[in-house]
Number of protein chains: 2
Amino acid sequence: MAQSVPQRPRVGRPPRISREEVLAAARRVVEEGGVGSLTMRRLAAEVGSTPMALYHHVKDKEELLLLLLDDYAAGLARPALPEDPRERLVTAALAMHDALAGCAWVVEVLVADDLMSDAGLWYAENIVDAAVACGLTPERAVHAYRSIWYYTAGEIIIRAAGRRRAADDRPTHRERVFADLDEETLPRLASIGGRWATLTAQDTYRQGLEALVEGLLP
Amino acid sequence: MAQSVPQRPRVGRPPRISREEVLAAARRVVEEGGVGSLTMRRLAAEVGSTPMALYHHVKDKEELLLLLLDDYAAGLARPALPEDPRERLVTAALAMHDALAGCAWVVEVLVADDLMSDAGLWYAENIVDAAVACGLTPERAVHAYRSIWYYTAGEIIIRAAGRRRAADDRPTHRERVFADLDEETLPRLASIGGRWATLTAQDTYRQGLEALVEGLLP
DNA sequence: ACCTGAACACCGTTCAAGT
DNA sequence: ACCTGAACACCGTTCAAGT
């Protein structure tokens, strides 16, 4: 029915910017200053155009963010996974965590529309499948995946927030609170005192993951 | 030295609005429409004043949110905790989760400056202390607390995002993705298909928590 | 002491017009 | 087809002035 069009008959004004250019610029902006710094106006300046020209290449800001996400997900390496299902589960979860950690801004978008994009499903697929191979029913495997996802997303989000806080020089609310803990009502925290900051700065993602997996599998 | 002042000698223009009124109005706004709907202008309208009058009662918007948080935390019940340390740990974590779940908006603020306020430390205190009583070193107890905190915050944040998504009527990106999964590359997810939504809607917080605790404790 | 109005420096997006 | 400018309906916050 529809005959193939060898060359689209381009009519009208020739484009000055392309969707790819817009996306590339958006990626630059977001990598440098976080999602918060990505505004249509700033992006327009970056590509040397006007805010409204952008709307000819993306529907709106939300679509722009989703495209950015797809793009990032598509570029992710898919590590070879071990045969042993339990190891496969842990390895896939670690890879998922690395994918998120490597790109702080994704999280802010992620939470708005969970489970990144098609490419992100690879992690879910492998984790659920490995959990089934470990002996869980499909239902419990999905629940296990969710627990791991909560743990992973929580870690990423909270660490990202921590970094943002550290970037501001002024002492945070939390530091002030920890500086004068009441030994009467909070003896344990008071005894930990200054070590809290260093202890919580340590990367214990893997440790916690393994504990979680230990408890989740039969 | 300083003599007690029985009655502050109030001079100048009498106040039309108080800090308490501002806070109460902010709480109303935020409970109804989330943190996103709390703007200084909207809040001013709510108390029947101008945006700038607010700055006479709170330093800025951030302080306003922190005050709101303190306020909420101060009103939380502190459930009696069981003697057995392991049960105490689980009970405290569940109480922490309930406190957050009862008040969706806190999370948005929380992430910005983790560990709610003084009142929120009660949970940390009990969880860390119970973990030590279970035989962990203080260091590992803090790490265990962090894992639980990641898991808990992640669950709350992701569920809240899910509810926000469900509130918009239009089908989400994620639904579209799940509608046509590739059976070749994602066989496991494809086989779960439509059940994904109902499975992930189930509340499995306690289940995951117990698994995590199981794996964390010696 | 407390409040107001005007103003500054921002947002995302729509609409009508230009090339 | 692609881009522009002006405009709308918002933000948080500062500053100088009023009572």
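Note that the structure is a prediction, hence the values are computed from the model and not measured. All chains are named by letter (A, B, ...) in the order of the sequence lines, taking the proteins before the strands, and each is independently numbered beginning at 1.
Proximity of Thr50(B) to the phosphate of dT4(C): a side-chain N or O atom is located under 4.0 Å from OP1 or OP2. Of the side-chain N and O atoms in Ser49(B), one or more sit less than 4.0 angstrom from OP1 or OP2 of dT4(C). The side chain of Thr39(B) places an N or O atom within less than 4.0 Å of a non-bridging phosphate oxygen (OP1 or OP2) of dC11(D).
Side chain of Glu139(A) to main chain of Leu199(B): no donor-acceptor pair is present (N/O by atom type, distance under 3.5 Å, no hydrogens or angles). The backbone N or O of Thr204(A) lies less than 3.5 Å from no partner atom in the side chain of His143(B), so there is not a single donor-acceptor pair. Here the side chain of Glu21(B) pairs a donor or acceptor atom with the backbone of Ser18(B) at under 3.5 angstrom. Judged purely by atom type and a 3.5 angstrom limit, Arg159(A) has no side-chain atom pairing as donor or acceptor with the backbone of Gly154(A).
Here dT13(C) presents its C1' atom at 12 Å from NZ of Lys59(A), a figure rounded to the nearest Å. Note: NE2 (His56(B)) to C1' (dT19(D)) measures 13 Å, nearest angstrom. One can place CZ of Arg41(A) at 11 Å from C1' of dC8(D), the figure rounded to the nearest angstrom. Per the geometry, CG belonging to Leu43(A) stands 15 Å off C1' belonging to dT13(C), to the nearest Å. Atom OH of Tyr55(B) and atom P of dA16(D) are 17 Å apart (whole Å). Residue Asp60(B) contributes atom CG, which lies 15 Å from atom C1' of dC11(D) at whole-angstrom precision. Remark: C1' of dC15(D) and CG of Leu54(B) are 17 Å apart, rounded to the nearest angstrom. Following rounding to the nearest Å, Met52(B) (CE) and dG18(D) (C1') show an atom-to-atom distance of 15 Å.
Rounded to whole Å, the C1' atom of dA16(C) lies 13 Å from the corresponding atom of dC3(D). Using atom P as the reference point in both dA9(C) and dC10(D), the two lie 22 Å apart (nearest Å). Separation of the C1' atoms belonging to dC11(C) and dC8(D) is 12 Å when rounded to the nearest angstrom.
Within a 6.0 Å sphere centred on CD of Glu183(B), heavy atoms belonging to other residues, nucleotides or ligands number 12 at most.
Consecutive Watson-Crick or G-U pairing (both distances under 3.5 Å) extending over three or more pairs maps onto DNA chain C as C:4-8 with D:12-16, C:12-16 with D:4-8.
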Tyr123(B)/Tyr145(B) under ring pair (Phe, Tyr, Trp, His ring centres under 6.0 Å): CA gap, chis, key distance, verdict: CA-CA 10 Å; Tyr123(B) 301 104; Tyr145(B) 165 75; 9.7 Å; no
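Looking at Leu64(A) and Leu38(A), their side chains come closer than 4.5 Å, going by heavy atoms from C-beta outward.
At the heavy-atom level, Leu38(A) lies under 4.0 Å from the strands shown only through sugar-phosphate atoms. Arg16(A) comes within 4.0 angstrom of the backbone, heavy atoms only, and of no base.
If you check dT14(D), dT13(C), dC2(C) against the side chain of Pro15(B), the one that comes closest is dC2(C).
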